[in-house]
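Working notes for the structure below.
Naming convention: chains lettered A, B, ... in sequence-line order (proteins, then strands); numbering from 1 in each chain.
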Amino acid sequence: MGKLVLIDGNSIAFRAFYALPLLTNATGTYTNAVYGFTMMLLKVLEEEKPTHLLVAFDAGKTTFRHNDYQKYKGKREKTPGELSEQIPLIKEVLDAFQIRSFELEGYEADDIIGTLAHSPEAEGLETLIVSGDKDLLQLVNDHVQVLMTRKGVTETERYDVKAVDERYGLTPGQIIDLKGLMGDPSDNIPGIPGVGEKTALKLLHQFPTVEEIIEHADELPGKKLQEKVREHADQALLSKKLATIYTEVPLEFGVSDLKLPPTDLKKVSEVFKKLEFKTLLNRIHTGGETGEEVREAEPEQISYQIVTADHRDETEKVLKQDQLAVYVEMTEENPHRAEVTGIAVSDGKAQLYIPMETARHWEAFQAWLADGNRRKIVYDVKKTMVSLENKGFQTDGFQFDVLLAAYLLNPSESRYELSDMVERHLQGFLPSDEEVYGKGAKRRALEGEELARHLARKTSAICQLYPVLLKELEQADLYDLMCGLEMPLAGVLAGMEQQGVRVDKKRLDDLGIELKESMDRLTDEIYEIAGVEFNINSPKQLGEILFDKLGLPVLKKTKTGYSTSADVLERLAPQHEIVEKILHYRQVGKLYSTYIEGLKKEIGRDGKIHTQFHQTITATGRLSSTEPNLQNIPIRLEEGRRIRQVFVPSKEGWYMLAADYSQVELRVLAHLSEDESLQYAFKHGLDIHTQTAMDVFGVSETEVTPLMRRHAKAVNFGIVYGISDFGLSQNLNITRKEAKDFIDRYFETYPGVKRYMDTVVKQAKKEGFVTTLLGRRRYLPDINSRNFNLRSFAERTAMNTPIQGTAADIIKYAMVEMDKRMKEEKLESRMLLQVHDELIFEVPEEELPVMRTLVPEVMEGALPLSVPLQVDVNVGKSWYEAK
DNA sequence: GTATTCACG
DNA sequence: ACGTACGTGAATACC
């Protein structure tokens with residue numbers, strides 16, 4: 001059987017335009033919508049293998065619908081010029097594929113699609129409609145399905161009759177009734193005011209059509225709703241009519257005219273070249289295409305030389321050059337455990353592969369590695385340093401890290417593998433590690449020539465990336481941040497990781513035994529009360545016990561069933577004694593599995609834990625920590641806080657010193673917003689939450705109750721997160737209205753903050769990104785989205801990122817400076833950990849006085865703000881005691 | 001592999 | 001009307 005695919009051209013182009021950043025090609029033409037559209041087209045061709053295909057577009061300004069309703073699509077903002085100029089390009093792409101594109105004056109794309117999908121001719125075919133518009137769901141039947149864009153352009157969701165029922169509980173025919181009731185603000189279709197999707201679905205489950213709902217208006221739940229339905233009955237009927245797709249458009253062709261000829265790869269390549277779609281070009285050549293003639297992309301030839309003991313002297317002249325790329329290959333991701341398999345260097349033309357065996361005995365090479373004047377370009381400087389230094393090599397002279405550069409250019413990417421970067425910044429191709437080594441069980445080690453070639457390609461790629469990224473950094477004003485902060489910080493972090501934190505194994509075991517006993521006891525008690533044994537760790541089984549068996553009220557649901565999260569359980573606790581036990585069990589279980597068992601696994605042969613700090617993970621500029629994560633060791637509850645007793649100094653008689661910034665984020669806000677009241681509070685050393693409570697509630701210091709302070713504190717946090725009344729109401733368990741009042745009063749009290757928040761969002765909408773104090777960027781592609789959720793999230797992010805990111809800038813700066821000062825003063829103390837707003841050191845007793853002064857001095861002075869920074873220092877025999 | 005939960009700032 | 005707090009990592013269950 002054949003397959004007919006009908007694409008809603010405007011809808012997909014629209015989707016693509018807003019999902020992708022405004023790309024341009026060399027001629028300055030915008031191509032993001034064309035690119036996204038083409039990605040979708042390729043996906044459909046590859047995955048659906050259609051025999052017949054048509055792309056329908058909307059034509060002109062007015063359609064027959066305007067006869068019924070003048071305001072149809074009246075409020076819709078004009079299609080931006082950047083998008084409309086891309087429509088002809090999309091048609092060019094379609095021409096190259098020899099795909100029919102079609103539009104007809106007076107009709108919308110929907111109507112053309114509907115006419116074809118429901119034509120008698122289509123009945124013998126499987127039909128698939130591709131769109132981002134829910135309306136098209138009305139066309140679904142036994143042989144018509146809809147592929148709807150979900151997120152971005154290529155993430156889709158397939159709807160058949162069953163899927164429509166699962167999603168809405170409606171037949172496809174009822175979609176028009178749904179829209180009749182709800183309306184659609186983007187098309188200026190009114191519907192019934194005050195009726196959203198929830199209410200509309202409830203009504204349609206009671207009566208199947210708009211007509212019947214109107215007829216039985218008296219039987220509807222709630223007087224107000226009845227009134228609204230009666231009052232706006234005409235409007236609902238009109239809305240339904242407007243939403244109905246017209247399936248009898250006079251077309252001069254039929255389905256059989258839409259037959260898809262074999263792809264002419266030459267034509268397609270030409271268009272792709274013109275548009276500079278280099279990765280797509282690769283894709284059509286490397287397979288997956290519908291037709292014949294699948295041509296393998298030529299793997300680029302790369303030259304390399306394997307250096308062995310016999311002829312290493314002749315290669316020594318390569319090392320004389322003042323700048324080379326170097327890459328270290330390892331057996332695993334974690335450099336603290338990995339073995340080095342080999343090292344490669346490149347000057348951009350020649351590549352050398354140096355097996356570990358050679359490197360170990362080659363003094364000239366070792367001298368080159370250790371020479372600060374021999375500049376090295378690397379991918380992942382920290383990992384490179386750690387792995388080489390662990391094997392006894394000294395290192396210096398790292399000039400530029402392409403990984404850090406790529407991160408600064410866009411910290412929101414999910415992957416920064418070399419292969420990704422070659423594609424992203426060079427529009428080139430490099431096989432990924434996964435492709436080369438395989439994954440999971442298929443993973444294998446490379447050796448000899450194969451390994452040498454792969455590493456040669458990598459180092460060569462690093463060489464090519466360097467000038468491109470350098471230029472991009474300069475253009476984005478990120479060069480100083482790179483060389484003045486992130487590069488030096490990487491060295492500091494490498495040192496901290498290698499130093500590691502000493503663990504008191506005995507204490508860890510003892511705590512483990514204690515927690516295990518506690519867990520066993522709670523398990524017995526819970527089984528006893530429940531009357532059955534079950535897996536308390538399974539939210540599913542737990543939900544069945546709590547809500548089905550014991551009949552507790554369901555306060556919150558998740559996608560898959562009942563929610564059993566702590567905030568739900570806390571509210572249920574007064575109703576049944578089992579709940580408290582479960583909460584306690586969860587708490588103890590977490591401590592045991594994550595912190596006792598989890599930490600034990602990570603203790604090295606030296607009795608220390610060597611975490612990895614990641615410098616390119618967060619979108620805000622913060623660090624993250626893994627294997628293990630030492631940035632989330634418990635502190636809030638005493639029972640968990642005791643875990644900190646296991647972290648001790650590595651030498652007898654030394655101390656742990658913890659220094660934390662007090663309220664950095666709010667101080668940063670005071671600085672960025674220039675709000676006078678907020679600045680006043682910090683300049684006069686007032687307790688900020690009490691001060692906020694006084695200001696917001698209009699009371700004197702002595703009148704501030706603990707509850708008022710708690711509320712003020714939550715508002716302060718909320719402000720930093722990019723506040724919403726809903727979020728605050730959830731946090732404080734109050735109504736939205738009350739939360740809104742708090743926020744309004746806060747902004748009245750601190751008008752500078754309000755002004756700042758508005759400015760930063762406005763700027764993000766204009767520029768497409770926000771920045772921190774040091775110019776660190778974060779792009780917010782959804783900031784102008786029509787989707788309320790995406791847009792709101794982007795707006796909150798716009799408010800939060802400069803604050804969180806500036807705080808990250810500050811402590812990073814302090815770390816670099818602190819490392820420098822400790823070396824200058826020849827101190828033996830060592831910086832061990834960073835936890836976002838605090839630094840942990842181990843300190844010999846005789847250095848305590850100097851460190852107690854030096855650390856806060858450096859941290860407070862890191863980046864001068866218009867308000868003072870305040871650092872509190874604590875010392876103890878373990879991390880626990882340094883409080 | 002995804003979802004849920006919970007530890008931290 | 002929409003449906004949310006910002007940023008992370010790890011363990012566990014379940015498909």
Please tell me if [X] has a side-chain N or O lying less than 4.0 Å from either OP1 or OP2 of [N].
X	N	result
A/R586	B/dC6	yes
A/T558	B/dT4	yes
A/S624	C/dG9	yes
A/R786	C/dC2	no
A/T620	C/dT8	no

Check the distance between [N]'s [atom2] and [X]'s [atom1] and give it to me in whole angstrom.
X	N	atom1	atom2	answer
A/H614	C/dG9	NE2	P	7 Å
A/I536	B/dC6	CD1	P	13 Å
A/F726	C/dC6	CZ	P	12 Å
A/E597	C/dT12	CD	C1'	14 Å
A/N731	C/dG3	CG	C1'	17 Å
A/Q541	B/dT5	CD	C1'	16 Å
A/Q804	C/dA5	CD	P	15 Å
A/E665	C/dC6	CD	C1'	8 Å

Could you identify the nucleotide paired to C/dA1, looking across every strand shown and requiring Watson-Crick or G-U wobble geometry with both distances under 3.5 Å?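 Here C/dA1 is not engaged in any pair, so there is no nucleotide opposite it.
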Give a yes-or-no answer on whether the side chains of A/E665 and A/H836 include a donor-acceptor pair shorter than 3.5 Å.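 Note: A/E665 and A/H836 side chains miss the donor-acceptor criterion.
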Between A/E881 and A/Q645, does any side-chain donor sit less than 3.5 Å from a side-chain acceptor?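 Absent: no donor and acceptor within the cut-off.
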Identify the two heavy atoms, one from A/F742 and one from A/I734, that lie closest to each other, and give their separation to 0.1 Å.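 What the structure gives for the nearest pair is CE1-CD1, 3.7 Å.
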Counting the atoms with a prime plus P, OP1 and OP2 as sugar-phosphate, which does A/T801 contact under 4.0 Å by heavy atoms, base, sugar-phosphate, or nothing?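 It contacts nothing in the nucleic acid.
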When we call it a touch if two heavy atoms are under 4.0 Å apart, what does A/A566 touch: a base, just sugar-phosphate, or nothing?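 Sugar-phosphate contact only.
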With rounding to whole Å, what would you report as the distance between C/dA5 and B/dT5 at their P atoms?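 13 Å, rounded to whole Å.
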Does A/K581 make a cation-pi contact with A/Y585, if we ask for NZ or CZ under 6.0 Å from the ring centre and within 45° of the axis?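 Output no; distance or angle outside limits.
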Any Lys/Arg nitrogen of A/R745 or A/D741 sitting under 4.0 Å from an Asp/Glu carboxylate oxygen of the other?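 Answer for the salt bridge query: no.
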